[in-house]
There are 2 protein chains.
Amino acid sequence: MADERQTRTEKLAGEIADAIIDGSLEPGTRLDEHMLAARYGTSRTPVREALRKLATTGLIELRPRRGAIVTEVTSQQLETLFVAMGELEATCARLSALSMTPIERRRLGALYDGMADMVARDDVEAYAAANTHFHTLFYAGSHNPVLADMTATLRRRLAPFRHAQFRAPGRLALSHSEHGAVLRAVLAGDAASAHAAMLHHVSLVEDAFEQLAAPSSSRRRAN
Amino acid sequence: MADERQTRTEKLAGEIADAIIDGSLEPGTRLDEHMLAARYGTSRTPVREALRKLATTGLIELRPRRGAIVTEVTSQQLETLFVAMGELEATCARLSALSMTPIERRRLGALYDGMADMVARDDVEAYAAANTHFHTLFYAGSHNPVLADMTATLRRRLAPFRHAQFRAPGRLALSHSEHGAVLRAVLAGDAASAHAAMLHHVSLVEDAFEQLAAPSSSRRRAN
DNA sequence: GGAAAATATTGTGCATGCAATTTTGAGATC
DNA sequence: GATCTCAAAATTGCATGCACAATATTTTCC
């Protein structure tokens, strides 16, 4: 596996995080240090350090003297997370409208144009990848690494709950038209519109999730 | 020393964080694990775990195999942090305008009224404490623990750079009038105005800091 | 038979030690 | 005098072991 430059602790943190995100480790699972150490072929020390790191991201819960468990997110907490991410994404879009360089604006436009073809071909796979890239451009475009980091971390944390995002019919075209609204606002340097458009866009994703995941208990707050 | 319920690792993380925030450990200081272990009378293991935790908050920098140092924030990074905090505070205000309960609104108004007296008495000490409380109410008022946490953490991280905040003459009254603008917007349920007013308010703090800390290299970005 | 107490077991918290890497310092060469 | 090379020292990464707290199990008592 090539150059082992990173420490075992970091590698472990990454692998365990991946296992949680892709669902191999289900919410509520007890994370026994001995077990993890055995599974990954190390001692408990790096496992412990990796767990501390994951605990700060909220992926796992660390109860002193009582071990770690994969965080169980209630649907209410999930809504909170989605709202927080929406606000952060919107803020990135806002700052992007104010701060993006001409080159960044051009790149954003080019990606948007390319995505139109994917919609036309109904290429969900390619569109999903491009979509991630599209959003990432706003993180960078905010020119605020602190904010960009927070947003990217939250997005990653919510990844497990966004799998079926583009499955619903017509959602690709809808998403793309929303992207267009955000793009126009950013290119026009209209911070408030960029904020509003992005917030609207990600709220749709949130709604899509709720319809897919919890079609029954759909109490919605007044908006 | 009462009930030692928390682990050594947690206690260490807290003490080291405090030492950094109050300036005992200056930016750039190397954090030797043996040294810290000796100073706090433990072994290296809990020290290492505490350092991992602090690294994720950004208070220290952890360079694999090369030890940890107290993060040196350049004035540019500091500006980034202030901007990020401003955006988060504004977002909390925005959500507060949408979500605060009548009780929370009343509490906010009462605090605001009380602070008028402190301004009249020119009681900087009391005003600073009340100011923190005022802002905290918006974190809670957002009804989004994720966002509230992020904002509170950032505020804490920036605490060392806000000491002289209310020293400048007339700043108390100015701050209070800004609070009034935020308050009115929130009570009126006007999300956009609450966002703008809070952003304006915290930008003033940022500017005050820059005038105090870096009166020379004051390149400002176009706003 | 069920609840409470006592015991056994498991697992975490922390200390210690060793190997490997980075850093430091001395000496050599240009 | 500066730079390069190489060895010594320092420091991190990780493994192992032990003590104590938390949990599971058995035993005792009503």
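Lettering of chains follows the sequences in order, A, B, ..., and the numbering in each one begins at 1.
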Any donor-acceptor pair under 3.5 Å from A/Thr132 side chain to A/Ala128 backbone: yes
Counting distance only, does the side-chain N/O of A/Thr71 pair as donor-acceptor with the main-chain N or O of A/Val73 below 3.5 Å?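 Pair absent, no side-chain N/O of A/Thr71 close to backbone of A/Val73.
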Nearest-angstrom distance from the residue atom [atom1] of [X] to [atom2] of [N]:
X: B/Ile60; N: D/dT12; atom1: CD1; atom2: P; value: 11 Å
X: B/Leu31; N: D/dG13; atom1: CG; atom2: P; value: 13 Å
X: B/Glu10; N: C/dT12; atom1: CD; atom2: C1'; value: 13 Å
X: B/Gln6; N: C/dC14; atom1: CD; atom2: P; value: 10 Å

Toward the 5' end of DNA chain D, which comes first, A/Arg63 or B/His34, by nearest nucleotide?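 Result of the comparison: B/His34.
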May I ask you to verify if any side-chain N or O of A/Arg8 is less than 4.0 angstrom from the OP1 or OP2 atom of D/dC14?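 The answer is yes; a side-chain N or O of A/Arg8 sits under 4.0 Å from OP1 or OP2.
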Please give me every residue in residues 36-44 of chain B whose heavy atoms get under 4.0 Å of an atom in DNA chain D, ordered by residue number.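 Under 4.0 Å from DNA chain D: B/Arg44.
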Could you check which residues of residues 48-57 of chain A get a heavy atom under 4.0 Å from DNA chain C? Sort them by number, please.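 The stretch gives A/Arg48, A/Arg52 as the residues lying under 4.0 Å from the strand, ordered by number.
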Between A/Arg30 and B/Arg66, who's closer to the 5' end of DNA chain C by nearest nucleotide? A/Arg30
Find which nucleotide of DNA chain C each of A/Thr45 and A/Gly67 is nearest to by heavy atoms, and output the residue with the more 5' nucleotide. A/Gly67
Let's see if you can work this out: which of D/dA21, C/dG11, D/dG13 has an atom nearest to the side-chain heavy atoms of B/Glu33? D/dG13
So if I take every side-chain heavy atom of A/Asp32 and compare against C/dC14, C/dG11, D/dT12, which nucleotide ends up nearest?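 Closest nucleotide to the A/Asp32 side chain: C/dG11.
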Give the intermediate values and the outcome of salt bridge (charged side-chain N to carboxylate O under 4.0 Å, His left out) for residues A/Glu87 and B/Arg94. CA-CA 10 Å; A/Glu87 295 288 338; B/Arg94 205 184 87 76; 2.6 Å; yes
Pairs involving residues 142-153 of chain B, ordered by first then second residue, that meet side-chain hydrogen bond (donor to acceptor under 3.5 Å, both in side chains) (sequence neighbours left out): B/Glu104-B/His143
Do B/Thr80 and B/Gln77 have side-chain atoms, one donor and one acceptor, less than 3.5 Å apart? no
Among residues two or more places apart or on two chains, list those pairs meeting salt bridge (charged side-chain N to carboxylate O under 4.0 Å, His left out) that have a residue in residues 24-39 of chain A. A/Glu33-A/Arg44, A/Glu33-A/Arg48
Distance (rounded to the nearest 0.5 Å) between A/Leu111 CG and A/His133 NE2: 6.0 Å
Those residues at least two apart in sequence (or on a different chain) that pass side chain to side chain donor-acceptor pair (under 3.5 Å) with B/Thr91 are none
Sequence-distant partners of B/His135, side chain to side chain contact (heavy atoms under 4.5 Å, CB included), two or more places apart: B/Glu89, B/Asn131, B/Tyr139, B/Arg155, B/His179, B/Met198, B/His201, B/Val202
